[in-house]
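Below, all heavy atoms of this structure are taken into account, side chains as well, without hydrogens, waters or symmetry copies.
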Amino acid sequence: MAAETIVEPAQSSLTGVARVLVNAGKLNAKTAEEISKTARERKSSFVTAVMGAGAIKSDELAHTLSSALALPLLDLNAVDVQKLPRNLVDPKIASQYQLVVLGRRGNRLFIGAADPTDQEAVERIKFATQLTPEWVIVEHDKLTKQLEAQTASANEVLESMAAADFDFDVSDEDTAAPESAEAAADVEDAPVVRFLQKMLIDAINMRASDLHFEPYEYHYRVRFRVDGELREITQPPLAIKDKLASRIKVISRMDIAEKRVPQDGRMKLKFGTKSIDFRVSTLPTLFGEKVVIRILDSSSAKLGIEALGYEKIERDRLMAAIGRPYGMVLVTGPTGSGKTVSLYTCLNILNQPGVNIATVEDPAEINLPGINQVNVNDKAGLNFATALKSFLRQDPDIIMVGEIRDLETADIAIKAAQTGHLVMSTLHTNDAPTTLTRLANMGVAPFNIAASVLLITAQRLARRLCENCKKPADYPRESLLKAGFAPEELDGNWKPYRAVGCSSCNNGYKGRLGLYQVMPITEAIQRIILGEGTALDIAKQAQVEGVRDLRQSGLVKVRAGVTTLEEVITVTNE
């Protein structure tokens, strides 16, 4: 009786795993109490403390808990850990509470843990996932080994991927301090910081236009868009997806706590003596946030009109149009066809001390000193139309509108072009003639179109042949004629070139060049517009006046040996 009185008070203060082990006869009450006290002092779990004290073996502990609590037991060595879901519970929670997510069925989440009595872990997971945890017992040593391996392998892989010295600093004015210590740990994680720097430097050196960071269920990949084509670069560990997104979002002045809606931002990084701007966009996907970074190199707008690939007659037409004191010049083409660079090249030519230039864009991609640039802000009510109205009270000489999307914007732009301003803008149409009919379909009166539009340039970007490895190709004469060559162009020894591929290029191509349809609005075309003629009528008249369409412009580049017939057919196949 006396012995019972001694054990009972000690046992009554024990809870969870400690109580189970004492009741099962695996530990005496006094030892359990001492280990519990040690665990409290070290702020660790009882399981970690009892395993550290060597009071019980890992497999014996797991079997005892499984039997006493009637919970299933799982051998982690028999599970392919690479295929376990990793997006259901935050990795930081899994590490803190020493658990692994095994799967989900309906609203039940199966959790592998060595301590299934941890009520704090239950409540935290319930709150974070809105699912009901179902415990599965796993052995402590195997669980610890797996959690350590995940962290170590992720860091080792990143370090090996980013093993280089960098002279690549984030400018102080473009960083935002994270709001919590937890966020700061994510943002300043050294392997992630170095990996991001490595990716940005590689992208710049490869002349990439965009970087894509894409999370999937079982893997994470990075792709670069080089010369218009997406190429997979690497597959970093899936565990870094949240840390990498947080790092990018902080530098880009985004809200790192907001992961449910898309966000946009910008960052400027110093690359040696050169500063490069990046436009950043995040998108919530099923398995995490996808981040796309657009590289905005302002030097591309300062290359000059000759570097864009205009033929002499096309360049002369464009220069004549932008040299006019008023009227409208439109650039058209799909997303990623180089419209912005063309417009900024023209603005750079016109950017003189005596000229007031204002632009409204969504967003401003290239920063040019001497030009007043405005970003659209729909939340604040600042759209293209309201900005344009404001511009007209700012005594402008030249106005650039990022895109004409609606009748209101088109009307204000056309009125500005008719009242002594040179207006430049873009539309998303396939070619120059259909741009005029698109304006008419928006509701712009034909006489306003005819009176204000000076010139329309439609453009595409085609990959440029690598000069080191290109070789002549033998095509059947019928194929060349079908592609659009005139019979007289095929006489003689001329042969088109084909892409080969070498160590200094991308499958035979290196860089890109523009294909242009530059159509001035002549009196004959104005008469067709006023007579409400179709795009086909306008295209026929443009051909009569010597305006090459996009395919013909591409064939000129094929004859010059700077691109391939396959590339021209691909980008002009409409």
Contact between Val222 and Pro236 at the side-chain level, heavy atoms closer than 4.5 Å - yes or no? yes
Counting neighbours of NE2 on His63 that are heavy atoms of other residues, nucleotides or ligands and sit closer than 6.0 Å, is the number greater than 12? no
Measure the shortest side-chain to side-chain distance between Val376 and Glu361 over non-hydrogen atoms and say whether it is less than 4.5 angstrom. no
Atom pair CG (Leu427) and CG (Asn430), whose distance is rounded to the nearest 0.5 Å: 12.0 Å
Sub-4.5 Å side-chain heavy-atom contact between Thr282 and Lys290: no
Arg105 side-chain N/O to Arg108 backbone N/O, donor-acceptor pair under 3.5 Å: no
For a 4.5 angstrom cut-off between non-hydrogen side-chain atoms, does Asn383 reach Asp378? yes
Report yes if some heavy atom in the side chain of Leu71 is under 4.5 Å from a heavy atom in the side chain of Leu65; otherwise report no. no
Please find the pair of heavy atoms, one from Glu214 and one from Tyr220, that lie closest to each other, and give the distance. O-CD1, 3.3 Å
I'd like to know if the side chain of Asn375 and the backbone of Ala364 have a donor-acceptor N/O pair within less than 3.5 Å. yes
Are Lys249 and Glu289 ion-paired here, with the side-chain N under 4.0 Å from a carboxylate O? yes
Student check: side-chain heavy atoms of Val122 and Asp118 closer than 4.5 Å: no
Given the rule in the side-chain contact (heavy atoms from CB on, under 4.5 Å) test, do Arg221 and Thr234 qualify, once you have shown the distances and angles that lead to the verdict? CA-CA 6 Å; Arg221 72 174 176 182; Thr234 186; over 6 Å; no
Without swapping roles, check the side chain of Ser58 against the backbone of His140 for a donor-acceptor pair under 3.5 Å. yes
Presence of salt bridge, Arg294 and Asp210, under 4.0 angstrom: yes
A side-chain contact here means heavy atoms from C-beta on lying under 4.5 Å apart; do Ile125 and Leu109 qualify? yes
So Tyr97 and Glu120, do their side chains get closer than 4.5 Å, heavy atoms only? yes
Evaluation steps, salt bridge (Lys or Arg N to Asp or Glu O under 4.0 Å), between Arg231 and Glu229: CA-CA 6 Å; Arg231 298 169 55 189; Glu229 281 194 336; over 6 Å; no
Between Asp227 and Arg207, is a salt bridge (Lys or Arg N to Asp or Glu O under 4.0 Å) present by the stated rule, with each step listed? CA-CA 8 Å; Asp227 296 337; Arg207 310 177 322 281; 3.3 Å; yes
Do Lys470's NZ or CZ and the ring of Tyr497 fall within the cation-pi criteria of under 6.0 Å and 45°? yes
Electrostatic pair Lys142-Glu139, nearest N-O below 4.0 angstrom: yes
Is any NZ, NE, NH1 or NH2 atom of the basic residue among Arg463 and Glu567 found under 4.0 Å from an Asp or Glu carboxylate oxygen of the other? yes
